Amino acid sequence: MISVRTDAGRILIGNQLLPQTGKRCHTLGFSSECAIITDTNVAPLFADRVKQSLKSAKFRPTLVTLSAGEKSKTLKRAGAICDRMIAAGLGRHSFVIGLGGGMIGDISGFAAAIYHRGIPHVQIPTTLLAMVDSSIGGKTGVDTRAGKNLIGAFHQPSLVIDDLDVLKTLPRRQFNQGFAEIIKHAVIGDPKMFRMLKVARASGLRRASETHALQSLIQRNIQIKSRIVAKDQRDRSGERALLNFGHTIGHAIERAGNYRKFLHGEAVSLGIVAACAISVKRAGLQPDQCAAIVDLLERFELPTRLPPKFPRKKILDAIKFDKKFEDGKIRFVVTPRLGSAYVADNVTLDDIREAVQQL
Ligand SMILES: NC(=O)c1ccc[n+]([C@@H]2O[C@H](COP(=O)([O-])OP(=O)(O)OC[C@H]3O[C@@H](n4cnc5c(N)ncnc54)[C@H](O)[C@@H]3O)[C@@H](O)[C@H]2O)c1
Ligand SMILES: [Zn+2]
């Protein structure tokens with residue numbers, strides 16, 4: 001097992017960690033009442049193990065299971081979670097465990113942030129995306145009809161438990177989408193990891209024999225994201241904006257596909273391809289490096305071209321709805337070379353239109 005210390009708290013990465021949940025929470029000195037928030041796909045797979053472990057450490061867990069899927073990430077559901085916690089007698093000294101992917105991480109963290117003005121949050125991410133991205137950085141929240149993550153709070157988890165065994169049940173497409181964020185991290189901050197990924201394969205990393213490789217990969221990603229977050233905890237100074245590489249166009253593609261056509265990581269993969277094309281034009285990225293990034297995304301079975309009939313105009317409409325253009329220009333994250341990124345102010349709507357047309 002690896003233990004990573006971040007500014008916020010501890011992250012454990014390894015195998016067979018779910019049965020240690022109770023013991024680990026005990027060392028943090030939490031009181032006995034707690035809630036496990038999970039979803040309908042994850043509950044039958046792992047909830048019992050976590051619950052039993054907590055009970056053996058003398059905790060009294062209440063299980064709250066939401067319907068799986070982004071549609072559960074609402075203020076109404078967060079309120080319902082709080083009501084369940086009140087009914088179960090959780091108080092100021094209780095804590096909340098989020099057992100699931102990023103959806104559960106975000107809403108359970110938000111419930112922990114507002115319950116009695118903030119009680120500790122423990123994350124047990126069960127998707128690769130949640131391990132390398134959403135469980136780090138303390139952003140919690142819910143969606144509204146107007147857009148994703150519009151209501152939320154910063155609330156750092158006290159502990160994150162990354163048990164690699166849980167990834168074995170993750171559908172292949174879900175596993176692969178985590179690599180979009182991993183490749184993003186490599187492009188914006190870690191050229192060495194980029195070279196390592198060029199000789200890896202998603203299918204290989206899933207096999208038990210490569211658990212060690214997956215463990216160090218997750219550790220490396222946690223370090224990259226925490227390093228960036230530490231410089232800009234509240235997303236104010238601009239440093240954290242670098243994590244949005246590929247996301248301006250990626251989010252617009254997700255929205256244009258009504259959040260059904262592409263998973264988040266798949267839309268981000270397409271957004272990275274477009275951001276690289278824009279980087280060649282506006283930031284001097286070498287075309288061979290741009291091609292290497294596209295190759296790497298393909299290697300992890302991520303989309304790099306839009307289906308021919310996909311409504312490209314809807315993507316541009318979504319960007320115009322989402323972002324502020326000043327004098328036809330937008331703040332946009334570009335990469336001048338592998339391992340480096342900055343927020344450019346010379347990217348135009350036409351640049352974006354051209355990159356989307358070429359996708
Ligand atoms: N807070 C942040 O900084 C941050 C960053 C990135 C993304 N997010 C959020 O994360 C969410 C996306 O995360 P996600 O992709 O993990 O989505 P998710 O939580 O919806 O999980 C994806 C699917 O996989 C299922 N699943 C989860 N673990 C499983 C397992 N081990 N075996 C089988 N099935 C499993 C889930 O039930 C769900 O159907 C979005 O809500 C997004 O806004 C937050
Ligand atoms: Zn993302």
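Whatever order the structure lists ligands and atoms in, that order sets their numbers, starting from 1. Keep in mind it's a predicted model, so treat the numbers as computed, not measured.
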**OP:** Check each of Lys225, Met103, Arg240 against atom 19 (O) of ligand 1 and report the one with the nearest heavy atom.
**Re:** Met103
Original post:
Could an N or O of ligand 1 be found under 3.5 Å from any N or O of Lys139, whether backbone or side chain?
Top reply: yes
**OP:** Return a yes/no value for Ile136: is any of its N or O atoms, backbone included, closer than 3.5 angstrom to an N or O of ligand 1?
**Re:** no
Original post:
Purely on distance, is any nitrogen or oxygen of Asp106 under 3.5 Å from one on ligand 1?
Top reply: yes
Subject >> His264 contact mode with ligand 1 (heavy-atom cut-off under 4.0 Å) >> reply: neither
**OP:** Select one of side chain, backbone, both or neither to describe which atoms of Ser134 lie under 4.0 Å from any atom of ligand 1, heavy atoms only.
**Re:** both
**OP:** Would you tell me which option among Glu70, Gln174, Lys148 has the nearest heavy-atom contact to atom 22 (C) of ligand 1?
**Re:** Gln174
Subject >> the Zn ion (ligand 2): angle it makes with OE2 (Glu181) and NE2 (His247), nearest 10 degrees >> reply: 110°
Original post:
Got the closest protein heavy atom to atom 32 (N) of ligand 1, with its distance?
Top reply: Thr169 OG1, 2.8 Å
Original post:
When you check the side-chain N and O atoms of Thr304 and Glu298, is any donor under 3.5 Å from an acceptor?
Top reply: yes
**OP:** Report yes or no: do Ser158 and His121 form a side-chain donor-acceptor pair below 3.5 Å?
**Re:** no
Original post:
Mind checking whether Lys71 has a heavy atom under 4.0 Å from ligand 1?
Top reply: no
Original post:
Is Val42 touching ligand 1 with its side chain, its backbone, both, or neither, if touching means heavy atoms under 4.0 Å apart?
Top reply: side chain
Original post:
Where does His247 meet ligand 1, judged by heavy-atom distances below 4.0 Å: at the side chain, the backbone, both, or neither?
Top reply: neither
Subject >> contact_flag Glu181 ligand 1 heavy-atom lt 4.0 Å >> reply: no
**OP:** Please state which part of Lys73 comes within less than 4.0 Å of ligand 1, counting heavy atoms only: side chain, backbone, both or neither.
**Re:** side chain
**OP:** Output yes when the distance from some N or O of ligand 1 to some N or O of Leu45 is under 3.5 Å, and no in every other case.
**Re:** no
Original post:
Quick one: does ligand 1 sit under 4.0 Å from the side chain of Asp143, the backbone, both or neither, non-hydrogen atoms only?
Top reply: neither
Original post:
Do Gln286 and Gln289 have a side chain donor and acceptor closer than 3.5 Å?
Top reply: no
**OP:** Run down the list Val268, Asp163, Thr127 and name the one with the heavy atom closest to atom 27 (C) of ligand 1.
**Re:** Thr127
**OP:** Mind checking whether Asp39 contacts ligand 1 via backbone (N, CA, C, O), side chain (CB onward), both or neither, at a 4.0 Å heavy-atom cut-off?
**Re:** side chain
